[in-house]
Amino acid sequence: MSQELTQEDEGIVTRLRANPRPALIWLLGALALVAVEFGALVHLVTSTLPWTGTIELPTLLSRELIPNAGYQLPSGAWEETFLGLAPAYAWALRVGLVFAYAFAWLAWLWYGYLTFRRHYRFANWTPTDDRIDRLRDHRWGQFGFIVVVVFVVLAMFAPALGPTTLDKNIINPYGHEVQYFDEDVGEVTTASVGTANLASQSTGTPGQNYGLGSYDEYDRFHPLGTITNGKDMFTEMVYGARVSLFIGLFAMGLACTIAMALALVSAYYKGITDLIIVVTSDGFASLPFLLILIMLGQVLRSTWIANLYNGAFLIALLLGIFRWPSLWRTVRGPAFQTVENEWVDAARSYGQTPITLMRKHVAPYVVSYLLIYASLGLGGVIIVASALSYLGLGVTAPTPEWGRLVALGQQYVPTASWHISIIPGLAIVLVVTGFNALGDGIRDALDPESESESGGGEAAAAGGGA
C-alpha cells in the first residue's frame, strides 16, 4: 500500500488514486475474461427475462466456433466437423475450455482479493483473513465448493455445453435438419432432427438403447445417451441445472430477505411486534407445507404468473414464501444480541433512524448466520422442486428438469436404459450434498466453535428439510 496514506478513514477511491496500477492490471484482466464470453452473458440474461427475446451474440467458446456436428464416411473419416475431429472430441474440447474459463475467473477473483489486501487495505490482518484461512483448510467445504461451482457452470454455460441446442432438442426438433451419410443410398443426405430422435430412442432393450458416450444412426454424439423420446440427455441435464439453480437462488433469496427484515424488526421493536411475528411464524410452520404448495400450484396454474419461466417462477415464489420462518428463527437470536450492544445505543443517541441503525449496525453481524443456513437450505429447495416435477406438478413440460427425467426413466432402471433415471438422481444427490458441504465449511469458518458440536446431523436436516 502507498506509504503516503496513513489515515484509516480514507476512502477506497483515494487509495485507488494513490496507487492505481495494481487495480488497473486486475481490471484489464477481468475485461479480457468478460470479452471472451460477453455473448453468453447477454444470452443468459435475456433468456431468463420473459419480456425480452433471447439475444444471440458470437462468443469465443460458443458451439458455433467449436461445433460437434458432422457425419462419418464409410472409410471412417469425419466430414464437416471441427478440424476433422470426431464430434465426441470436439464436444469434449468445448466443455474443457468452458470449465477452464470458469476456473480462470475464480483464480482471477482470488488474485483480485489478494491485490486488495496487499495494496488497498490498511489493516495487515482482519477476522475475515482467519475465516478464509479456515475455509481453505476445510476439505469437506472445498468439496462442496467444487460441486457447487460445477453445478453453476453447467447452468450458466448450458447453451455452449450441450451437444445440441435447446431449440433443436426440445422446442422445435422438426424445424431443423441433421446431415448424415446414408449407407443404403450411398450418399450424404438430410433428415429432420425430430425424425432422427424417433430413431434414437432408449427404450430399455439392448437393440434400442443409446447409453453413455454413444453415437446414434445419424452420427450425433450423446455424452449421456438419449431418453425415451430420443432427445439428448446431456442437453436436458444442463438446461435442467439452469432451472434448478434459478428456483433455488430465487426461493432462498426471497426467504432470506423476509427473514432478515422480520428479524431486524423483532430485535429493534421487541414486545408486541416480536410477539406478532412469532405467532405468524408459528402459523406458517404449522401448515402442511407440501400439500399447500401443491394446492396453490394447481390453483394458480391457469394464471399469468404460472407462465413466467414455464412455471419455475411460481414454484420459486411459493418456496420462498414458505421457507422464511425457519431462517427467521435462526437469525432472530443473533439480531437480539446485536441490538443490545453499546455501539447500537451510541448510534441511536446520535439520532440515527431505525432503518439506518439496523442496516449499518445490526444487519452486518446477522447476515453471516443467514448465509450459513441459506447455503444449507438451498439443497432442500432443489429437492422439493425436483420432487414436484417427479410428480408432474412442477415446471411445465417439456421444460427440462431433473425430477422429470427421474420419473421418465424409472421403469427402465433394471434395463439397458438405466441411465435415464439413475444419472439425474445421482446428480440431485451430489448437488444437494455439495450445498450442504459448502454450508458446513462456511459455518465452521465463521464460527469454529460449532465444528466440534454440530457434526453432520444439522446439515443433513437442513438439506433434507424438504
Side-chain angles (χ1 to χ4, degrees), residues 1-45 57-62 65 96-139 141-153 155-157 160 249 253 343 359-361 363-368 370-372 374-375 438-439 441-448:
M1 188 179 63
S2 175
Q3 297 300 319
E4 291 78 9
L5 299 176
T6 57
Q7 298 299 319
E8 190 170 349
D9 57 352
E10 289 187 32
I12 185 66
V13 176
T14 304
R15 283 172 263 170
L16 287 171
R17 287 175 178 170
N19 185 20
R21 189 170 182 274
L24 287 176
I25 292 175
W26 184 88
L27 181 61
L28 289 175
L31 290 176
L33 288 172
V34 170
V36 170
E37 278 293 271
F38 181 73
L41 182 64
V42 173
H43 178 91
L44 174 65
V45 173
L57 295 175
T59 64
L60 186 60
L61 304 181
S62 68
L65 183 66
L97 288 175
V98 167
F99 276 96
Y101 174 75
F103 282 95
W105 252 118
L106 288 178
W108 198 247
L109 290 175
W110 176 250
Y111 174 73
Y113 170 71
L114 295 179
T115 300
F116 171 75
R117 285 180 55 175
R118 189 177 302 117
H119 299 283
Y120 302 107
R121 198 177 72 182
F122 280 101
N124 292 326
W125 173 89
T126 68
T128 302
D129 297 341
D130 280 349
R131 292 166 184 160
I132 292 176
D133 289 341
R134 283 195 290 271
L135 187 58
R136 291 176 66 187
D137 295 332
H138 200 288
R139 300 300 177 219
Q142 291 172 3
F143 163 77
F145 178 76
I146 295 297
V147 171
V148 170
V149 167
V150 170
F151 175 65
V152 172
V153 171
M156 290 184 64
F157 293 91
L249 292 181
W343 71 75
R359 177 174 56 83
K360 295 181 65 176
H361 302 291
Y365 296 91
V366 178
V367 71
S368 58
L370 204 58
L371 180 63
I372 294 170
S375 60
L438 180 60
I442 295 174
R443 180 196 58 202
D444 294 340
L446 296 178
D447 184 13

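FYI, side chains are in, hydrogens and waters are out, and symmetry mates aren't considered; it's all heavy atoms of this structure.
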Exercise for the section: Kindly compute the distance separating CG (Leu109) from CG (Leu33), expressed to the nearest 0.5 Å. Expected result: 8.5 Å

Practice task
Enter the distance from Trp105:CH2 to Met156:CE here, rounded to the nearest 0.5 Å.
Solution key: 10.0 Å

Handout entry: Point-to-point distance, once rounded to the nearest 0.5 Å, from CG of Leu16 to CZ of Phe116
Key = 9.0 Å

Practice task
Kindly give the heavy-atom pair with the smallest separation between His138 and Gly141, and that separation in Å.
Solution key: ND1-N, 2.8 Å

Practice task
Quick one: pull up CZ in Arg121 and CG in Asp129 and give me the separation to the nearest 0.5 Å.
Solution key: 4.0 Å

Fill in the blank from the handout: In short, Phe157 meets Glu37 closest at the heavy-atom pair CE2-OE1, 3.2 Å

Exercise for the section: On the 0 to 90° scale, with breaks at 30° and 60°, tag the Trp343-Tyr365 ring pair as parallel, tilted or perpendicular. Expected result: tilted

Handout entry: Backbone of Pro127 reached by a side-chain donor or acceptor of Asp130 within 3.5 Å
Key = no

Problem - Other residues, nucleotides, ligands: >12 heavy atoms within 6.0 Å of Tyr101 OH - result: yes

Exercise for the section: For the pair Arg443 (side chain) and Ile372 (backbone), establish whether a donor and an acceptor sit closer than 3.5 Å, ignoring hydrogens and angles. Expected result: no

Practice task
Evaluate the side-chain proximity of Ile132 to Tyr113: yes if any heavy-atom separation is below 4.5 Å, no if none is.
Solution key: yes

Exercise for the section: Please tell me if the side chains of Leu31 and Phe38 come closer than 4.5 Å, counting only heavy atoms from C-beta onward. Expected result: no

Practice task
Given side-chain contact (heavy atoms from CB on, under 4.5 Å), test Val153 with Phe103 step by step and report yes or no.
Solution key: CA-CA 10 Å; Val153 171; Phe103 282 95; 5.8 Å; no

Fill in the blank from the handout: Shortest non-hydrogen pair, Thr115 vs Pro22, comes out as CG2-CB, 3.7 Å

Problem - Closest heavy-atom pair and its distance - Ser375, Gly439 - result: OG-CA, 3.1 Å

Completion exercise
OH of Tyr111 to CD1 of Ile25, rounded to nearest 0.5 Å, is 5.5 Å

Practice task
Any chance you could measure Leu371, atom CG, to Leu438, atom CG, to the nearest 0.5 Å?
Solution key: 8.5 Å

